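In what follows, a single structure is set out as structure tokens and then discussed.
None of the values given here were measured: they were computed from a predicted structure. Counting starts at 1 for both ligands and their atoms, following the listed order.
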Amino acid sequence: MTLSVAIVGVGLVGSEFVKQTLPLVKSHVIRIVGLSTSKKSLFAASGLDVVEADWKTALSSSVIAASPESLLGNLGKLVDDGEKTVLIDNTSSDDIAALYPRFLRAGISIITPNKKAYSSSLSLYYDILSASTKTGARILNEATVGAGLPIISTLRDLVATGDNVRKIEGVLSGTLSYIFNEFSTVQGTGPSFSSVVKIAREKGYTEPHPGDDLNGADVARKLTILSRLIPSLKDKLAEGYKSVSTTSLVPKELEGLSGDDFVSRLAGFDSHFEELRASAKKENKVLRYVGVINAETNEIKASLEKYPADHPFATSLGGSDNIIAFHTERYGARPLIVQGAGAGAAVTAMGVLSDTLRLLD
Ligand SMILES: NC(=O)C1=CN([C@@H]2O[C@H](COP(=O)(O)OP(=O)(O)OC[C@H]3O[C@@H](n4cnc5c(N)ncnc54)[C@H](OP(=O)(O)O)[C@@H]3O)[C@@H](O)[C@H]2O)C=CC1
Ligand SMILES: N[C@@H](CC=O)C(=O)O
Ligand code: NA
């Protein structure tokens with residue numbers, strides 16, 4: 001059966017998703033029925049004529065305004081006609097996330113790298129789970145943590161097979177990994193903090209607003225998504241990521257600025273970060289921003305820490321690498337470790353597309 005797919009959000013990840021999907025459109029595994037930005041949309045129930053490059057022109061010249069309501073109606077009709085139908089949410093929008101229960105109740109599956117739905121209030125989370133259970137429409141979000149790395153599937157497998165997860169710890173932000181791998185080296189020297197943040201943004205690692213990475217919220221969201229999969233912690237974070245103890249690296253003066261203004265004014269705070277780097281170097285340590293879920297002490301925390309120069313977080317990470325260690329009863333002596341690029345369009349779109357193909361299992 002051909003999957004009918006509507007893609008909302010065609011920025012860095014969304015455009016790469018379309019690119020990776022084109023061979024599957026040619027072989028009739030997938031039919032792209034909808035494309036939309038925050039302003040414009042295209043829809044054809046029988047499938048859009050999607051050709052690399054041309055779809056961008058067609059979408060930007062479309063006169064049809066984006067409307068999640070009409071998309072819901074159009075996709076609902078496909079479900080009624082017996083089509084396997086999927087919404088791919090490649091935005092970082094809270095508004096789209098809030099609509100997931102309605103899409104699921106209409107029998108439309110959802111695949112997303114957008115962390116908003118699973119890391120906000122517990123009530124939205126349970127609304128999503130119950131809508132999915134009711135209709136059998138599935139929601140998969142592997143790319144929300146570690147981009148294409150198998151983090152969520154690994155944790156689900158550990159829990160489903162009865163292992164006891166004691167602690168999860170690691171570097172969960174591709175942006176903050178890149179920034180501190182470049183900024184805080186064992187030599188204790190390197191480029192200025194603001195210049196590395198700028199490059200991380202240019203490389204497509206950051207959230208649409210880089211302050212959402214630097215304030216720790218992105219890591220806190222990932223910790224929320226993971227902790228809700230651990231039976232003893234599933235109801236702990238009532239307010240989602242806001243309930244996580246989080247260290248922000250955003251100077252107070254830059255709060256509330258647009259992404260562009262934020263990045264251009266960050267240079268004014270380079271000396272503060274230079275001091276942090278120098279103080280770590282004095283102890284022969286490096287700075288790394290880490291996330292920890294401790295199921296034994298119930299502590300869930302996102303923070304900037306110092307690690308000895310010979311620690312794996314200091315020696316084995318490069319680029320936007322994430323490293324996540326699962327300490328469990330079965331993996332008692334040595335944790336199960338997943339490591340690799342944790343941000344960037346190619347690896348994120350791969351995570352979204354592989355989830356999409358799981359719907360055909
Ligand atoms: N970049 C990465 O490495 C990773 C990203 N992610 C997640 O992937 C998602 C996309 O990230 P990325 O591609 O980098 O972000 P971009 O800012 O490049 O793209 C976001 C897109 O979403 C669109 N959009 C925003 N709001 C709406 C809306 N209400 N309706 C329709 N479209 C909307 C924007 O449209 P417009 O152009 O009109 O504003 C834009 O095209 C985010 O949730 C991010 O957290 C997850 C893992 C890694
Ligand atoms: N901004 C995020 C993108 C992936 O979730 C990160 O840097 O990890
Ligand atoms: Na992942």
Looking at [X], which atoms of ligand 1 are within less than 4.0 Å of one of its heavy atoms?
| X | value |
| --- | --- |
| I96 | 29 (N), 30 (N) |
| V8 | 30 (N), 31 (C), 32 (N) |
| A343 | 3 (O) |
| G204 | 1 (N), 2 (C), 3 (O) |
| V10 | 41 (O) |

Hey, is D218 touching ligand 2 through its side chain, its backbone, both or neither, going by heavy atoms under 4.0 Å?
side chain

Specify side chain, backbone, both or neither for T175, according to which of its non-hydrogen atoms lie closer than 4.0 Å to ligand 2.
both

Below the 3.5 angstrom mark, is there an N/O of L176, backbone or side chain, next to an N/O of ligand 2?
no

Can you find an N or O of E207 that's nearer than 3.5 Å to an N or O of ligand 2?
yes

With a 3.5 Å cut-off and no angle check, do the side chains of [X] and [Y] form a donor-acceptor pair?
| X | Y | answer |
| --- | --- | --- |
| Q187 | T185 | yes |
| D163 | T161 | no |
| D218 | S173 | no |
| S4 | R31 | yes |
| E142 | S153 | yes |
| D213 | Y289 | no |
| S195 | S192 | yes |

What is the nearest protein non-hydrogen atom to [atom], stated with its residue, atom name and distance?
| atom | value |
| --- | --- |
| atom 6 (C) of ligand 2 | G174 N, 3.4 Å |
| atom 3 (O) of ligand 1 | G344 N, 2.6 Å |
| atom 45 (O) of ligand 1 | E207 OE1, 2.6 Å |
| atom 26 (N) of ligand 1 | S93 CB, 3.9 Å |
| atom 5 (O) of ligand 2 | K115 NZ, 2.7 Å |
| atom 10 (C) of ligand 1 | N90 O, 3.2 Å |
| atom 33 (C) of ligand 1 | T91 CG2, 3.3 Å |
| atom 48 (C) of ligand 1 | T348 OG1, 3.0 Å |
| atom 35 (O) of ligand 1 | S38 N, 3.5 Å |
| atom 23 (C) of ligand 1 | G9 CA, 3.8 Å |

Ligand 1 N/O within reach of L12 N/O, cut-off under 3.5 Å:
yes

Contacts under 3.5 angstrom, residues 331-341 side chains, donor-acceptor by atom type, not counting sequence neighbours:
unit_1, atom_1, unit_2, atom_2, d
Q339, NE2, S316, O, 2.8
Q339, NE2, D321, OD2, 3.3

Would you kindly check if the NZ (Lys) or CZ (Arg) of R221 is within the cone defined by 45 degrees around the ring axis of Y241 and under 6.0 Å from the six-membered ring centre?
yes

Do R228's NZ or CZ and the ring of Y125 fall within the cation-pi criteria of under 6.0 Å and 45°?
yes

Within rounding of 10°, what is the angle whose vertex is the Na ion (ligand 3) and whose arms end at O of V145 and O of A147?
100°

Roughly, to 10 degrees, what angle do E142 atom O and L149 atom O form around the Na ion (ligand 3)?
150°

Specify whether F180 and F183 have parallel, tilted or perpendicular ring planes, treating 30° as the upper limit for parallel and 60° as the lower limit for perpendicular.
perpendicular

Out of K134, R102, R105, which residue meets the salt bridge (Lys or Arg N to Asp or Glu O under 4.0 Å) rule with D127?
R105

Hey, any chance V13 and Y205 share a hydrophobic cluster, counting ILVMFWY side chains that come within less than 4.5 Å of each other, even indirectly?
no

Touching ligand 1 at all, A143? Heavy atoms, strictly under 4.0 Å?
yes

Partner of L149 under side-chain contact (heavy atoms from CB on, under 4.5 Å), picked from V145, I151, I152, is I151

With a cutoff of 4.0 Å, is A147 in contact with ligand 2, counting heavy atoms of the residue only?
no

Atom 7 (C) of ligand 1 touched by protein (heavy atom, under 4.0 Å):
yes

Is the number of heavy atoms from other residues, nucleotides or ligands within 6.0 Å of NZ (K242) greater than 12?
no

I'd like the name of whichever of T37, I7, V13, L99 reaches closest to atom 37 (O) of ligand 1 through any heavy atom.
T37

Considering only heavy atoms, which of A346, G11, P208 lies nearest to atom 15 (O) of ligand 1?
P208

